[in-house]
Amino acid sequence: MKTTVISTLAALAMLAAPAVTPAQAQEPLRIIIEDGVIEPIPLAIPVFIAETPGAEQVAAEMTRVVAANLVGTGLFREISPDAFISRITSFDSPIQYADWKAINAQGLVVGAVSVGGDGRLNVKFRLYDVFSDAPLGEGLQFGGTTQSWRRMAHKVSDAVYSRITGEGGYFDSRVVFVAESGPKDARQKQIAIMDQDGANVQYLTDAASIVLAPRFSPNGSQILYTSYETGSPSIYLMDIGSGQRRQIAADAGSMTFSPRFSPDGSRVIYSMSQGGNTDLWLQDLGGGAPVRLTNAPSIETAPSFSPDGSRIVFESDRSGTQQLYVMSAGGGEPTRISFGAGRYGTPVWSPRGDYIAFTNQNQGRFHIGVMRVDGSEERLLTASFLDEGPTWAPNGRVIMFQRETAGAAGVVGLYSVDISGRNLRAIQTQTGGSDPSWGPLLP
Amino acid sequence: MYQNLGKALLIVAALGLSACANPDRFGGAGGPGGPGGPGGVDVGGLGSPSDPRSIAYFNQTIGDRVLFAVDQSTLDAQAQQVLSQQAQWLNANVQYSAIIEGHADEQGTREYNLALGERRANAVREFLISQGVAGNRLRTVSYGKERPLQICSDESCYRQNRRAVTVLSAGAGV
């Protein structure tokens, strides 16, 4: 039996750590993200210091992005600056730990921003573990153009998040998705790309044709997507930087759709429908004939590689209803892994290899869920009229998906949720959004 | 105007079973600046529904579409009756070919519904072929759940969205 995990909360654990200096036994600021209950950790994030004249505004904006990122994880809460006793006036001035303990700040983020004569922006930060009276990790700095200030704020956020959770970050990453506008029976769809927090939306296609399900390449430079521009769905490969694209895996008289890259980016796995039957195929992007991976009269679609490239998870209705199966990347006999109530589709292997995310449809409701790759430990994370199409954050700990509301005025938008089922959040986008694909951390 | 049908003409096929004013003819053909714009309509002569050789007769009097049960692609007796008449019409009017559009309701995931719509379109194509229509006059395409005809979220709408529509075009082959 399954239950919907609406608010399983991550555990906060203050772990004993190896002594770093003989003088102090530190108890580092640390969160373990797993099932359990968490009280968000109080963080003090004073406005970053402007070290050059005129840097005040960008310093303030970067501080807001860092705070919003961290608070947005649900793992932290921000202490109001009105409560601060100490003022941070210089990046290198000694920290008055007692002043921060007094307002119960467990973590303190100190940052400084400068803009050089050449217009280069520089940001540096230190994270302090207040109750250990010590910095947590080294100070770090990032340099870039003034236009890239948001990315630099995301990098600071990733470093803070990683140090406290021990997990990889995900703030400095992008999402491709389908921007949707117009009524349900005349939806206009465009492939779009944005920062993971919904900022900096750019459109990669116009609205002339139906477009579906863009998928990032492993290095984030290309996307695969499905378009109806020839009148029938077929798969395109686009270079994001140049906008150049080409049709791949086209076959007259057939439909091709549901593509994904192999983990090394060299191959594409996809579905092809011919004569009422849909099977899985593999195309090497270097050329050559496509290879058929399944040959069954049932529907085989929505394939996704394991991160080591050795296996493929996909959905099939060979049992009579949509269920999830895993098979070797070369094809062969698949093993069914979904056995709960209802139908299962759109499986996606976590980039860490530990979970498979999916869509479950049961008794008129849709859920996003995760299970171990052998089908065990299934848990449903969300429930609504129509939740669909999960995609993993680069750290494999957060999932983005689409949610559509019912009825003639139904709207579709993007949401994110932790793998524990907590911290469900809407991603703010200018238009409706669907079919998200979360790209890798940016270099 | 019936004689003015161009080779590339696409036909509005809307008025048959539905009271809805939305034409069942979708994007791809007309570019952003094209007739009707994205998802728009290219208008051509339909003729009179009382003229048995007209497209209007095919769309309205015979019926250009059949409906399906939830998650099914089998043709019930009513669907087979409509398709038998479609086949007779196509056999009598060999200057037309057809694209059979398969659709699904919104209660399903995107990829599965694409495959399901293709199954439905193919079931219609196979039936028409069994009734003597040449296979090279019949192409299929699935829209999955991308183009609902009715947009309420209950069975009264879903049932009209689970459809396969035979869209005629001028020209003997596709």
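Quick caveat: nothing in here was measured; it's all calculated off a predicted structure. Heavy-atom basis, side chains included; hydrogens, waters and symmetry copies ignored. Quick note on labels: first sequence line is chain A, next is B, and so on, each numbered from 1.
Looking only at heavy-atom pairs under 4.5 Å with chain B, the residue among A:G345, A:G182, A:S258 that has the most is A:S258. Of the listed residues A:T359, A:T226, A:D317, A:T321, the one with more heavy-atom pairs under 4.5 angstrom with chain B than any other is A:D317. Contact count versus chain B (heavy atoms, under 4.5 Å) is highest, among A:G276, A:P233, A:A186, for A:G276.
No more than 12 heavy-atom neighbours from other residues, nucleotides or ligands sit within 6.0 angstrom of CD on B:Q78. The local environment of CD in B:Q81 is sparse, with at most 12 non-hydrogen atoms from other residues, nucleotides or ligands closer than 6.0 Å.
Contact of the A:K184 side chain with the B:S153 side chain is registered, since non-hydrogen atoms from C-beta on lie closer than 4.5 Å. A heavy-atom distance below 4.5 Å is found between the side chains of A:L212 and B:L114. A:R187 places a side-chain heavy atom less than 4.5 Å from the side chain of B:R147.
Both the backbone and the side chain of B:E106 come within contact range of chain A, with heavy atoms under 4.5 Å apart. Neither the backbone nor the side chain of A:S271 comes within contact range of chain B, judged by heavy atoms closer than 4.5 Å. With a 4.5 Å cut-off on non-hydrogen atoms, B:S142 touches chain A through its backbone and its side chain both. Proximity to chain B is limited to the side chain of A:L386, based on heavy atoms less than 4.5 angstrom apart. If you measure heavy-atom distances from A:Q274 to chain B, the contacts under 4.5 Å come from the backbone alone. Contacts between A:P303 and chain B at a heavy-atom distance below 4.5 Å are absent for every atom of the residue. Using a 4.5 Å cut-off between heavy atoms, B:N161 does not touch chain A at all.
Note: B:E118 CD to A:T278 OG1 = 5.5 Å, rounded to the nearest 0.5 Å. A distance of 6.5 Å separates OG of A:S232 from CZ of B:R139, quoted to the nearest 0.5 Å. Considering CG of A:D185 and SG of B:C157, their distance stands at 10.0 Å, rounded to 0.5 Å.
Of the possible donor and acceptor atoms, none in the side chain of A:Q361 sits under 3.5 Å from a partner among the backbone N and O of B:T109.
Here B:K145 pairs with A:E388 in a salt bridge; the nearest charged N to carboxylate O distance falls below 4.0 Å. Remark: A:R260 does not engage B:E111 in a salt bridge, criterion side-chain N to carboxylate O under 4.0 Å.
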